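Taking it in order: structure first as C-alpha cells, then the write-up.
Here the structure is a predicted model, which is why all the values come from computation and not from measurement. Here is the naming used below: chain letters follow the sequence lines, and residue numbers restart at 1 for every chain.
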2 protein chains.
Amino acid sequence: MNVQFKKGVLELCVLALTAWEDRYGYELAVSISHKFEVAVGSVYPLLNRLTLEGYFSTYLRESPEGPPRKYYKLTPLGHTHLMELTVEWRSFSQAVDQIIKEGVER
Amino acid sequence: MNVQFKKGVLELCVLALTAWEDRYGYELAVSISHKFEVAVGSVYPLLNRLTLEGYFSTYLRESPEGPPRKYYKLTPLGHTHLMELTVEWRSFSQAVDQIIKEGVER
DNA sequence: ACTTACTATTCATTAATGCAATATAGGTTG
DNA sequence: CAACCTATATTGCATTAATGAATAGTAAGT
C-alpha cells in the first residue's frame with residue numbers, strides 16, 4: 001500500500017472511528033490496520049497532536065489484560081473538524097476518480 | 001483543500017492524464033487545478049522525478065504562444081506503474097469510505 | 001515601453017508517516 | 001522461577017512530498 005496516500009487520511013479515520021464511541025489508541029491502530037496497513041507508531045503521535053489541537057479529550061481506564069488504556073473522546077470542536085474533513089475527503093476523492101476516468105478509461 | 005490528502009495522489013493524476021496523449025507540464029498543472037488546487041511548483045519537480053524513475057520520456061515542441069513546451073510521454077514502465085497505482089488508490093479510497101461509514105454514519 | 005499570459009526550473013520550508021527502541025502490566029510456558 | 005508473548009503507550013529519527021517564492025525567457029496586446 002502506497003505510504004503517501006495515508007498522509008492526512010489517517011487523521012480522518014481516527015476521528016471517524018471515535019464519532020460514536022470513545023476508543024483507546026491501540027484499538028484504533030488495530031481497527032484501521034484491518035482496512036489498510038498502519039503502524040502503531042503512526043497512530044499515537046497523531047492522537048497526541050489531535051488532543052493538543054483540542055479535537056480530543058482523554059481519560060484512563062484499567063484494561064482487563066494489560067496496562068491501562070487511554071481513551072480518546074471527541075470534543076465538539078473535534079466533531080466539527082471531522083465533518084469538515086469528511087466533506088473535503090469526498091470532494092477530493094471524487095475529483096481524483098474523475099481524473100482517472102478521463103485519463104485511464106478513455 | 002487539505003494539503004495532506006494530495007500526497008502521492010498527484011503522482012497518480014499526472015500519470016493518468018498522460019495515459020492517452022502526451023502532455024506538457026504547464027498543461028498538466030492547469031488541468032489538475034481545475035479539479036483541486038495544485039501549485040505549478042509541485043508539478044515540475046514531480047515530473048522530473050517520474051522521468052528519472054523511468055516512467056516518462058520527454059521531448060520539446062514549440063508553442064504557438066510562449067516558450068517551447070516539454071512534453072511527457074508515458075513509457076511502458078510508466079503504464080505499468082499507473083495501473084498499479086490506480087488499483088491501490090481504488091482499494092485505499094474504498095477502505096477510507098468504509099471507515100467513514102462505520103464511524104460517522106452509524 | 002509596459003504589462004500580461006505562457007512555460008519551465010529550483011530551493012528552502014513544512015508536515016506526516018514508518019520504523020525502531022523503550023517501558024510497563026499481565027499471562028503462559030519451559 | 002525465568003523467559004517469553006500480548007496488550008498498551010511513548011518517543012526520536014529518517015524519509016518523502018507539497019508549497020510558495022524567486023528566477024527566467026517568449027510572445028502578444030496596449
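- By the side-chain contact (heavy atoms from CB on, under 4.5 Å) test, Thr58(A) pairs with Thr51(A), Lys70(A), Tyr72(A), sequence neighbours left out.
- Across the protein-nucleic acid pair, Glu62(A) atom CD and dT24(C) atom P stand 19 Å apart, rounded to whole Å.
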Anything under 3.5 Å between a protein N or O and an N or O of nucleotides 15-17 of chain D, put it in a table, one pair a line.
{"from": "dA17(D)", "atom 1": "N3", "to": "Lys7(B)", "atom 2": "NZ", "distance (Å)": "3.2"}

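- Across the protein-nucleic acid pair, Phe92(A) atom CZ and dA18(D) atom C1' stand 11 Å apart, rounded to whole Å.
- Applying the side-chain contact (heavy atoms from CB on, under 4.5 Å) test to Glu65(B) and every residue at least two apart in sequence or in another chain returns Ser63(B).
- Trp89(B) and Asp97(A) form a side-chain donor-acceptor contact under 3.5 Å, judged by distance and modelled atom types alone.
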What nitrogen or oxygen pairs link the protein and nucleotides 8-10 of chain C at under 3.5 Å?
{"from": "dA8(C)", "atom 1": "OP1", "to": "Lys70(B)", "atom 2": "N", "distance (Å)": "2.3"}
{"from": "dA8(C)", "atom 1": "OP2", "to": "Gly25(B)", "atom 2": "N", "distance (Å)": "3.4"}
{"from": "dA8(C)", "atom 1": "OP2", "to": "Tyr26(B)", "atom 2": "N", "distance (Å)": "2.9"}
{"from": "dA8(C)", "atom 1": "OP2", "to": "Tyr44(B)", "atom 2": "OH", "distance (Å)": "3.1"}
{"from": "dT9(C)", "atom 1": "OP1", "to": "Lys70(B)", "atom 2": "NZ", "distance (Å)": "3.0"}

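- Looking at residues two or more places apart in sequence or on another chain, you find no salt bridge (Lys or Arg N to Asp or Glu O under 4.0 Å) involving Lys7(A).
- Listed pair Ser63(B) / dC6(C) fails the phosphate criterion, with no side-chain N or O lying under 4.0 Å from OP1 or OP2.
- Rounded to a whole Å, the OH atom of Tyr59(B) is 16 Å from the C1' atom of dT7(C).
- Under the ring pair (Phe, Tyr, Trp, His ring centres under 6.0 Å) criterion, Tyr55(A) pairs with His81(A), not counting sequence neighbours.
- Listed by chain and residue number, Lys73(A), Thr75(A) satisfy the side-chain contact (heavy atoms from CB on, under 4.5 Å) test with Ser57(A) (two or more places apart in sequence, or in another chain).
- Taking the ring pair (Phe, Tyr, Trp, His ring centres under 6.0 Å) definition, one finds that Tyr26(A) meets it with nothing, sequence neighbours left out.
- Partners of Glu53(A) according to the salt bridge (Lys or Arg N to Asp or Glu O under 4.0 Å) rule, which considers only residues two or more places apart in sequence or in another chain, are Arg49(A).
- We find that CZ of Arg61(A) is positioned 18 Å from C1' of dA7(D), with the value rounded to whole Å.
- Atom pair Phe5(A):CZ and dA16(C):C1' shows a separation of 15 Å (rounding to whole Å applied).
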